[in-house]
Amino acid sequence: MTESEMTSALLDWYDRHARTMPWRTGPAEKAAGVRPDPYRVWLSEVMLQQTTVAAVRKYHDRFTALWPTVADLAAADDSEVMAEWAGLGYYARARNLLKCARAVVADHGGRFPDTHDALIALPGIGPYTAAAVAAIAFDRSETVVDGNVERVMSRLFDVATPMPAAKPELIAHAARLTSHARPGDHAQAVMDLGATICTPRNPACGICPLRDPCLARLRGTQTERPVKASKKAKPHRRGYAYVGRRADGAWLLETRPDKGLLGGMLGFPGSDWGEAPTPMPPAAGDWRAAGEAVHVFTHFRLTLTVMVADLAPVNPERGHFVPEDAFRPGALPTAMRKVHDVAAPHLSVERRHTAG
DNA sequence: CACCCGTGGTG
DNA sequence: TCACCAAGGGT
């Protein structure tokens, strides 16, 4: 089978099995030559970075309902956007999302640029996202290479070179297969194939449109591709988190600095995180331990000792009081939401509520 | 190039 | 329970 025939087989499969998604155009629109909205495509691509489609759907729905255009998003408050992103992870994406939206309005008249070079110059848009938006929204002949494409290529051509050294080779294979007639569909076809058929474990080779030319299938090496280096063990860190409430129900919270872990997100004041953290209460009070919150990040495991106190109406040394009706636990990143869930039943304001 | 940066699902 | 993983980007 020639490379051209592989491309055709892939597009034929996509025409029959493409998944329906909020940012994709339906068959009728597609037949009429309607391109998807670049804003919705860009938003989906940023949300999908290292994130599953299942997790992204509801966030994409919510964002486009609140902010239907890039100009609406550009005009939004930072804190509101960060709160809506809470739970999706990799919070630098949300900060760059706003920077990018504002740059599109300020520098491009509120319309997304339609070339790879102009897109990659925007915040939060790297090689993958620039190619994906150019191909999917503007049907540019860009080769889109993400984790799915790398896996499909490494199997199709049985590439034994370990990652990430194999990347140039995989990119070259992907470039030769790219359809110049339907680049946007081709990009999504390879990614759909990787997500539904050519999966990391237990690939469904029997129903794969590329099963005949696939070298890894021929040699039985599917599950050994791509070759990846072993991961390092995760260190264990400890820390203290302080959940304080006033009698009127206000919560003692802080907005974390933009740099670093959970940057720009709302959270509870705490100690440093390490092997032997130093207790650091953010305000004077009768602090007592309520329990522990365990959370696993990408590169370390964290156990937080959750301290609670019913606070007098004094000025805290760190953080600020947020009125009860202005606070949603859903606006917290997951690690902090776990802290909240451990603490809440131990605070007298909450006990009064549950008792009443 | 190596490391940092979240989270929820899955085998 | 646990290790691995998902449509990567920034530094």
Side-chain angles (χ1 to χ4, degrees), chain A residues 18-19 21-24 40-60 82 85-97 99-100 119-137 142-152 162-165 167-168 171 174 184 186-196 198-203 223 226 228-237 256-265 267 273 294-302 330 332-338:
Chain A
R19 292 176 291 173
M21 298 180 192
W23 48 90
R24 286 183 176 174
R40 296 173 66 90
V41 171
W42 160 74
L43 182 63
S44 75
E45 291 302 340
V46 174
M47 288 181 164
L48 286 164
Q49 290 167 8
Q50 298 289 288
T51 309
T52 57
V53 169
V56 164
R57 279 185 198 280
K58 50 186 176 290
Y59 283 85
H60 193 276
M82 298 310 288
W85 196 277
L88 200 53
Y90 285 135
Y91 298 100
R93 293 185 295 173
R95 286 178 269 128
N96 285 328
L97 190 81
K99 284 186 194 169
C100 182
L119 286 163
I120 204 171
L122 291 165
I125 298 186
Y128 163 76
T129 305
V133 173
I136 297 168
E142 298 289 342
T143 299
V144 177
V145 182
D146 71 332
N148 285 309
V149 179
E150 288 174 355
R151 186 171 57 258
V152 171
M163 297 293 289
K167 285 200 175 194
I171 291 170
H186 176 82
Q188 295 176 95
V190 187
M191 292 191 284
D192 271 24
L193 187 76
T196 63
C198 196
T199 52
R201 288 171 289 194
N202 304 321
T223 57
K228 292 191 176 178
S230 57
K231 313 259 178 177
K232 290 187 234 175
K234 287 182 184 180
H236 195 319
R237 298 185 196 168
R256 302 172 60 85
D258 276 353
K259 303 274 182 190
L261 198 73
L262 310 181
M265 297 300 290
W273 296 346
V294 177
H295 191 71
V296 181
F297 290 102
T298 307
H299 53 293
F300 66 95
R301 173 186 304 270
L302 178 66
L332 297 170
T334 300
M336 290 295 164
R337 189 180 46 71
K338 289 179 180 175

Rounded to whole Å, how long is the line connecting atom [atom1] of [X] with atom [atom2] of [N]?
X        : N     : atom1 : atom2 : result
A:Leu262 : B:dC4 : CG    : C1'   : 12 Å
A:Leu88  : B:dT7 : CG    : C1'   : 8 Å
A:Arg93  : C:dA6 : CZ    : P     : 15 Å
A:Leu193 : C:dA6 : CG    : C1'   : 16 Å
A:Lys232 : C:dA3 : NZ    : C1'   : 17 Å
A:Asn202 : C:dC4 : CG    : P     : 16 Å
A:Arg57  : B:dG9 : CZ    : P     : 14 Å
A:Asp146 : C:dA6 : CG    : C1'   : 9 Å

[X] side-chain N/O to [N] phosphate OP1/OP2 under 4.0 Å:
X        : N     : result
A:His299 : B:dC5 : yes
A:Tyr91  : B:dT7 : yes
A:Thr298 : B:dC4 : no
A:His295 : B:dT7 : yes
A:Gln50  : C:dG8 : yes

Contact class for [X] vs. all strands (heavy atom < 4.0 Å): base, sugar-phosphate, or nothing?
X        : value
A:Val144 : nothing
A:Arg24  : base
A:Met21  : base
A:Thr51  : base
A:Val149 : nothing
A:Lys231 : sugar-phosphate
A:Arg151 : sugar-phosphate

Checklist entry - Closest to the A:Arg337 side chain: C:dA6, B:dC5, B:dG8? => result B:dG8
What's the shortest heavy-atom distance between [X] and [Y], and which atoms?
X        : Y        : result
A:Pro203 : A:Thr223 : CD-CG2, 4.3 Å
A:Ala130 : A:Ile125 : N-CG2, 3.5 Å
A:Tyr91  : A:Ala86  : CE2-CA, 3.9 Å
A:Pro22  : A:Arg57  : CD-NH1, 3.6 Å

Checklist entry - Below 4.5 Å, heavy atoms only, C-beta onward: do A:Ile136 and A:Trp23 meet side chain to side chain? => result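 Heavy-atom side-chain distance check fails, nothing below 4.5 Å.
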Next on the checklist: What I'd like to find out is whether the side chain of A:Arg19 reaches to under 4.5 Å of the side chain of A:Val53, using heavy atoms alone.
Outcome noted: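 Yes. Closest side-chain heavy atoms under 4.5 Å.
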Item to check | Spatial distance of atom CE (A:Met47) from atom NZ (A:Lys58) [nearest 0.5 Å] | outcome: 11.0 Å
Checklist entry - Hey, what do you get for CD1 (A:Ile171) to NZ (A:Lys167), rounding to the nearest 0.5 Å? => result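 A:Ile171 atom CD1 to A:Lys167 atom NZ measures 7.0 Å (nearest 0.5 Å).
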Item to check | Pairing string, 5' to 3', for DNA chain B - Watson-Crick or wobble contacts under 3.5 Å, brackets [ ] where pairs cross, | to another strand | outcome: .||||.|||||
Checklist entry - Should the pair A:Phe297 and A:Phe300 be assigned to parallel (<30°), tilted (30 to 60°) or perpendicular (>60°) ring geometry? => result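 Taking A:Phe300 first and then A:Phe297, their aromatic rings sit tilted (interplane angle of 30° to 60°).
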Protein-nucleotides 9-11 of chain C N/O pairs closer than 3.5 Å?
unit_1	atom_1	unit_2	atom_2	d
C:dG9	OP1	A:Gly126	N	3.0
C:dG9	OP1	A:Thr129	N	2.9
C:dG9	OP1	A:Thr129	OG1	2.6
C:dG9	OP2	A:Tyr128	N	3.3
C:dG10	OP1	A:Gly124	N	2.6

Checklist entry - Where each residue is assigned the nucleotide of DNA chain B containing its nearest heavy atom, which of A:Pro164 and A:Ala335 is assigned the position nearer the 5′ end? => result A:Pro164
Checklist entry - For A:Tyr128 and A:Gln49, does a side-chain donor sit closer than 3.5 Å to a side-chain acceptor? => result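 A:Tyr128 vs A:Gln49: no donor-acceptor pair found between side chains.
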Next on the checklist: Run A:Val145 and A:Glu150 through side chain to side chain contact (heavy atoms under 4.5 Å, CB included) and show every step you take.
Outcome noted: CA-CA 7 Å; A:Val145 182; A:Glu150 288 174 355; 3.8 Å; yes
Item to check | First of A:Gly194 and A:Arg201 reached from the 5' end of DNA chain C, by closest nucleotide | outcome: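 The 5'-side residue here is A:Arg201.
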Item to check | B:dG6 and C:dT11, which share atom name P, separated by this distance in whole Å | outcome: 14 Å
